2 protein chains.
Amino acid sequence: MSGNAKDKKLAMRPFARSLPMQLLRAREALMQEFRPHLREHGLSEQQWRVLRALAEAGSMDINALGEMCQIHPASLSRMLPNLEGEGRIERRTSRQDQRYVIVSITAKGKSLFQRVAKESEQIYASIEQRIGSRELKTLYELLDKAIRVAPEQIESN
Amino acid sequence: MSGNAKDKKLAMRPFARSLPMQLLRAREALMQEFRPHLREHGLSEQQWRVLRALAEAGSMDINALGEMCQIHPASLSRMLPNLEGEGRIERRTSRQDQRYVIVSITAKGKSLFQRVAKESEQIYASIEQRIGSRELKTLYELLDKAIRVAPEQIESN
DNA sequence: GCCAGATACTTAACATGTTAAGTTTATGGA
DNA sequence: TCCATAAACTTAACATGTTAAGTATCTGGC
């Protein structure tokens, strides 16, 4: 007995060859290095993604922000008032189309971003060194491909 | 202006070259194919991971289950009573060491697992075809490496 | 045997993920 | 113009993620 449940043949590949599982595992392993660092600055992982997206791409509406951060618009609706209350972002209604809410980063938010970014880049560099530049590049390419070959997001209405 | 915030130089690599972000993005893209399928069987993504782990590796304690499923023991403590109430798993206190809770899958749970597994494997096969067997193999190897090179989980007490 | 510390788990509190329903504003055709 | 529909967002409800604190059990040194 090697530990498998009664050594019965399973109708499925081993868990360790589940691609979603390994993607999650790899991500969790990496985030363990970033999380304490974000925590020191009082930022959740999701709040950091929002600041980073806005710092990089400028102001945008909720849906675009959600796509870029991979955070559901409903979650953003709940998070953004807090970030706004802390003076890190701003929200305003679009003048052309009042259905849109335009989100942008404040000077205070950008300042925080710059500080956190500097330390994050050091962690990235360390990770890149351990994985290897060439292999990391291949990994990015394969992830891009996995994202490309997946079906488009379907609005099921 | 290409959309970048005032074309200012950022203190950080582009968001699309954030490894945690691309891992999340790839995972979300794949899960979009699995989620509706799990939903038809009334299973959350996390419940499915639990059943799969138990079907594959047999009974185990909360911490081992959490490690295998990448679900925090605190979340398991909350989830497992539901799965138990539905008759899909069983829990018992270890006789040797009463601190341990041993979790196992029931016949009913295994039957559900077998049904879902069959359909999941078809989705896997489709994904493997689109990514390519060789590239998928490389992807698994690189993910394994990323997991290996990350620091061990630290119990910060 | 006793007790301080460690271990395994649970509970609680709050943030986020997820889905469905509700609100406001735009749009396009009769 | 009017109205049905759609689009963008918000709100609500419940599940899960995350951290800290609490409870029960065990271990090892005395």
Side-chain angles (χ1 to χ4, degrees), chain A residues 20 24-25 27-28 31-32 34-40 42-51 59-67 69-86 89 91-103 153-157, chain B residues 20 24-25 27-28 31-32 34-40 42-51 59-67 69-86 88 91-103 153-157:
Chain A
L24 177 58
R25 211 177 265 282
R27 181 167 199 280
E28 285 302 310
M31 286 312 297
Q32 283 214 317
F34 289 101
R35 258 191 267 268
H37 156 59
L38 292 176
R39 193 176 166 71
E40 285 172 16
L43 284 171
S44 72
E45 188 184 327
Q46 291 84 353
Q47 289 175 325
W48 169 241
R49 295 215 297 274
V50 168
L51 291 187
S59 60
M60 65 189 108
D61 64 61
I62 303 283
N63 274 299
L65 184 58
E67 210 296 315
C69 298
Q70 293 291 110
I71 297 175
H72 197 284
S75 288
L76 285 174
S77 280
R78 200 172 28 192
M79 292 173 60
L80 294 183
N82 295 330
L83 278 171
E84 191 172 27
E86 295 157 351
I89 64 159
R91 287 185 301 168
R92 63 171 185 82
T93 301
S94 166
R95 273 178 289 277
Q96 301 95 311
D97 186 334
Q98 299 198 21
R99 290 174 301 181
Y100 287 80
V101 172
I102 307 300
V103 188
Q153 194 149 359
I154 300 159
E155 292 296 334
S156 58
N157 284 337
Chain B
L24 176 59
R25 210 176 267 282
R27 181 167 199 280
E28 286 301 311
M31 286 311 299
Q32 283 214 318
F34 289 101
R35 257 192 267 267
H37 156 58
L38 292 176
R39 192 177 167 71
E40 284 172 17
L43 285 171
S44 73
E45 188 184 330
Q46 292 84 353
Q47 289 176 325
W48 169 241
R49 296 215 297 274
V50 169
L51 292 186
S59 59
M60 65 189 109
D61 64 59
I62 302 282
N63 273 300
L65 184 59
E67 209 297 315
C69 299
Q70 294 289 110
I71 297 175
H72 197 284
S75 288
L76 285 174
S77 280
R78 200 172 28 190
M79 291 173 60
L80 296 182
N82 295 330
L83 278 171
E84 192 173 27
E86 296 157 350
R88 291 164 176 172
R91 286 185 302 169
R92 65 174 184 79
T93 301
S94 165
R95 274 178 289 278
Q96 302 95 308
D97 187 334
Q98 299 199 20
R99 290 174 301 182
Y100 287 81
V101 171
I102 308 299
V103 188
Q153 193 149 3
I154 300 158
E155 293 296 333
S156 56
N157 283 335

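Chain identifiers are assigned alphabetically (A, B, ...) following the order of the sequence lines, protein sequences preceding nucleic acid strands; residue numbering begins at 1 within each chain. Quantities reported herein were computed from a predicted structural model and do not represent experimental measurements.
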Measuring from the side chain of [X] (C-beta onward, heavy atoms only), which nucleotide among [options] has the closest atom?
X	options	result
B:R99	D:dA8, C:dA6, C:dT10	C:dA6
A:H72	C:dT19, D:dT10, C:dT16	C:dT19
A:A74	D:dC9, C:dT19, C:dA26	C:dT19
B:I62	C:dT25, C:dT10, C:dA20	C:dT10
A:R39	D:dT19, C:dT16, C:dT19	D:dT19
B:Y100	D:dT16, D:dG17, C:dC9	C:dC9
B:R91	C:dT18, C:dT10, D:dG17	C:dT10

Nearest whole angstrom, please: distance from the [atom2] of [N] to the [atom1] of [X].
X	N	atom1	atom2	result
B:R95	D:dT25	CZ	C1'	17 Å
A:L43	D:dT19	CG	P	14 Å
B:I102	C:dC9	CD1	P	7 Å
B:E45	C:dT16	CD	P	19 Å
B:R49	D:dG17	CZ	C1'	11 Å
B:D61	D:dT25	CG	P	17 Å
B:E67	C:dT7	CD	P	17 Å

Looking at [X], I'd like to know whether one of its side-chain N or O atoms comes within less than 4.0 Å of OP1 or OP2 on [N].
X	N	result
A:R35	D:dT19	no
B:S44	C:dT18	no
B:N63	C:dT7	no

Which value, rounded to the nearest 0.5 Å, describes the distance between B:I62 atom CD1 and B:R99 atom CZ?
14.5 Å
Minimum-distance pair of heavy atoms, taken over all atoms of A:D61 and A:N63:
OD1-N, 3.0 Å
Testing the basics here: between A:S94 and A:Q96, what is the closest heavy-atom pair and its distance to 0.1 Å?
OG-OE1, 3.2 Å
Which residue, B:Q46 or B:S94, contacts DNA chain D at a nucleotide closer to its 5' end, judged by nearest heavy atom?
B:Q46
Would you kindly compare B:Q70 and A:S75 by the position of their nearest DNA chain D nucleotide and give the one closer to the 5′ end?
A:S75
Under 4.0 Å between a side-chain nitrogen and a carboxylate oxygen: does that hold for B:R35 and B:E28?
yes
Steps toward side-chain contact (heavy atoms from CB on, under 4.5 Å) verdict (A:L24, B:E45)
CA-CA 12 Å; A:L24 177 58; B:E45 188 184 330; 5.7 Å; no
Return all side-chain donor-acceptor pairs below 3.5 angstrom for residues 69-78 of chain B, not counting sequence neighbours, or 'none' if the list is empty.
from: B:Q70; atom 1: OE1; to: A:R25; atom 2: NH1; distance (Å): 3.4
from: B:H72; atom 1: ND1; to: B:A74; atom 2: N; distance (Å): 3.0
from: B:S77; atom 1: OG; to: B:P73; atom 2: O; distance (Å): 3.4

Please examine the side chains of B:R27 and A:R27, heavy atoms only from C-beta on, and report whether any two atoms are closer than 4.5 Å.
no
For a 4.5 angstrom cut-off between non-hydrogen side-chain atoms, does A:E86 reach A:Q47?
yes
Below 4.0 angstrom, which residues in residues 76-86 of chain B have at least one non-hydrogen atom near DNA chain C?
B:S77, B:R78
